[in-house]
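Worksheet: the structure to be examined is printed underneath.
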Amino acid sequence: MINMLENRADRTVEIILTSQIGHERIAMACSASFAEMYGFPKDRIEDLKTIVAEASINAMQHGNKGRADAKVIVSMIYQNDTIRVWVRDEGNGIKERPPNPDIEKIIEADEVLSGFGLFLIEQLADQVEFKESADKGHVIEMALKMKA
Amino acid sequence: MQNKNEVALEKHGPVVILNIQGDITSFSEPFLNQAYKDANDQGTEKILLNIEDGAYINSGGIAVLIQILAQTKKNSQQISITGLSEHFKKIFNMVGITKFADIHNDVEGAIAAMSK
């Protein structure tokens with residue numbers, strides 16, 4: 001479900017996804033169209049698509065624990081040359097921030113650690129915050145400026 | 001919604017190319033592992049991952065690729081990657097994949113560099 005709300009001060013899009021891996025691409029496509037509407041350059045649109053996808057995947061897998069009926073809500077607003085994105089899930093949030101993945105240790109140990117999604121979000125977004133949602137659940141708030 | 005990959009192996013002198021069709025996500029693991037095993041069975045020391053133009057690669061796919069890198073390092077094989085957009089070149093650099101695999105703009109350039 002996609003809702004578009006518009007007023008003079010800001011423009012907002014809201015996308016409601018089920019927790020099915022692959023559906024993050026719907027949010028990616030919407031975020032790309034949204035950023036194009038406001039003249040974001042191609043490289044920033046690619047950054048936006050990645051942070052929206054990774055936050056949605058984290059919400060589905062870790063927040064909602066893969067429960068297909070649990071919703072992920074992606075909201076985007078454009079203001080002052082910046083797109084702010086909120087990705088809400090029905091989980092309890094991150095108790096402890098996982099360490100950044102260290103590829104050399106991973107390759108030497110021949111094991112794959114998690115945390116690549118969060119790492120990419122923090123590398124690509126201009127601002128990232130983790131919060132409890134006002135109703136229930138958890139939300140990650142990300143901001144991406146038009147120019148890096 | 002699980003994606004499938006088709007991986008065709010192609011030998012160019014000392015280099016075995018894995019032509020990977022489709023997006024690279026956690027669902028790619030069995031396809032890429034099997035393709036790597038097939039390449040490895042040929043006794044190759046040089047492997048080129050040729051990713052389809054415009055393919056979607058997410059963190060799950062990056063983890064699968066890193067598993068392949070770990071295996072090539074263990075087997076003392078050289079590995080390179082082609083087919084990446086500028087965005088994914090940046091991502092692969094951020095994650096550190098470029099410490100273990102050379103990135104080339106095209107297959108011809110990769111083969112030339114790997115054949116030296």
Side-chain angles (χ1 to χ4, degrees), chain A residues 17-29 31-32 35 40-62 66 68 98 100-125 144 148, chain B residues 1-5 22-30 32-33 36-37 40 47 49 51 53-79 81 84-103:
Chain A
L17 305 170
T18 54
S19 291
Q20 192 166 347
I21 295 298
H23 283 191
E24 77 279 4
R25 295 184 211 203
I26 297 166
M28 283 174 71
S31 69
F40 272 57
K42 189 169 179 281
D43 61 329
R44 294 306 274 167
I45 292 174
E46 292 301 319
D47 291 345
L48 179 66
K49 284 164 65 181
T50 293
I51 66 172
V52 166
E54 295 301 335
S56 299
I57 291 169
N58 277 347
M60 292 171 187
Q61 287 184 325
H62 303 299
N100 285 338
D102 182 334
I103 190 168
E104 293 186 38
K105 282 185 184 169
I106 294 169
I107 285 184
E108 292 302 332
D110 195 14
E111 63 182 45
V112 173
L113 302 176
S114 60
F116 285 108
L118 202 51
F119 173 75
L120 290 177
I121 289 168
E122 290 182 330
Q123 290 290 309
L124 296 172
L144 191 99
Chain B
M1 196 165 81
Q2 297 190 6
N3 67 288
K4 288 185 179 177
N5 296 104
D23 298 329
I24 300 184
T25 69
S26 57
F27 299 123
S28 303
E29 186 172 6
L32 295 193
N33 281 343
Y36 173 72
K37 184 178 178 302
N40 209 31
I47 290 176
L49 303 180
I51 295 170
D53 188 31
Y56 164 56
I57 307 171
N58 64 20
S59 54
I62 287 171
V64 173
L65 291 173
I66 290 172
Q67 283 180 316
I68 301 280
L69 296 189
Q71 292 182 70
T72 59
K73 184 157 193 302
K74 190 191 287 182
N75 294 325
S76 302
Q77 293 161 321
Q78 182 186 359
I79 185 162
I81 303 173
L84 297 175
S85 66
E86 289 305 312
H87 177 66
F88 283 111
K89 284 179 187 169
K90 178 173 77 176
I91 297 276
F92 278 33
N93 190 42
M94 277 176 180
V95 171
I97 287 177
T98 48
K99 292 178 189 170
F100 296 92
D102 293 324
I103 308 294

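Owing to the predicted nature of the structure, the values given are computational and were not obtained by experimental measurement. Below, chain A is the first sequence line, B the second, and so on; all start at residue 1.
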Of all heavy-atom pairs linking A:Gly117 and B:Ser59, the shortest is N-CB, 3.6 Å
Residue B:Thr25 versus chain A: region with a heavy atom under 4.5 Å:
side chain
Just give me the residue among B:Ile97, B:Ile62, B:Asp23, B:Ile57 that pairs up with chain A most often, heavy atom to heavy atom, under 4.5 Å.
B:Asp23
Validation row: A:Gln123, B:Val95 side chains within 4.5 angstrom (heavy atoms)
no
Cut-off 4.5 Å, heavy atoms of chain B, and the answer for A:Glu24 is side chain
Let's go through A:Ile107 and B:Lys99 carefully: what are the C-alpha distance in whole Å and the side-chain angles of both, what is the deciding distance for side-chain contact (heavy atoms from CB on, under 4.5 Å) to 0.1 Å, and is it a yes or a no?
CA-CA 11 Å; A:Ile107 285 184; B:Lys99 292 178 189 170; over 6 Å; no
Please lay out, stage by stage, how B:Leu69 and A:Ile106 fare under the test side-chain contact (heavy atoms from CB on, under 4.5 Å).
CA-CA 10 Å; B:Leu69 296 189; A:Ile106 294 169; over 6 Å; no
Would you call B:His87 and A:Asp47 a side-chain contact if the rule is heavy atoms closer than 4.5 Å?
yes
Sequence neighbours left out, what passes salt bridge (charged side-chain N to carboxylate O under 4.0 Å, His left out) with B:Glu29? Give chain and number order.
none
Does atom NZ (B:Lys73) have a neighbourhood of more than 12 heavy atoms from anything else shown, all under 6.0 Å?
no
Distance from B:Lys90 atom NZ to A:Leu120 atom CG, nearest 0.5 Å?
10.5 Å
Cut-off 4.5 Å, heavy atoms of chain B, and the answer for A:Glu46 is both
Part of A:Ile57 within contact of chain B (heavy atom distance under 4.5 Å)
side chain
Just jot down the salt bridge (charged side-chain N to carboxylate O under 4.0 Å, His left out) partners of A:Lys42, sequence neighbours excluded, or say none.
none
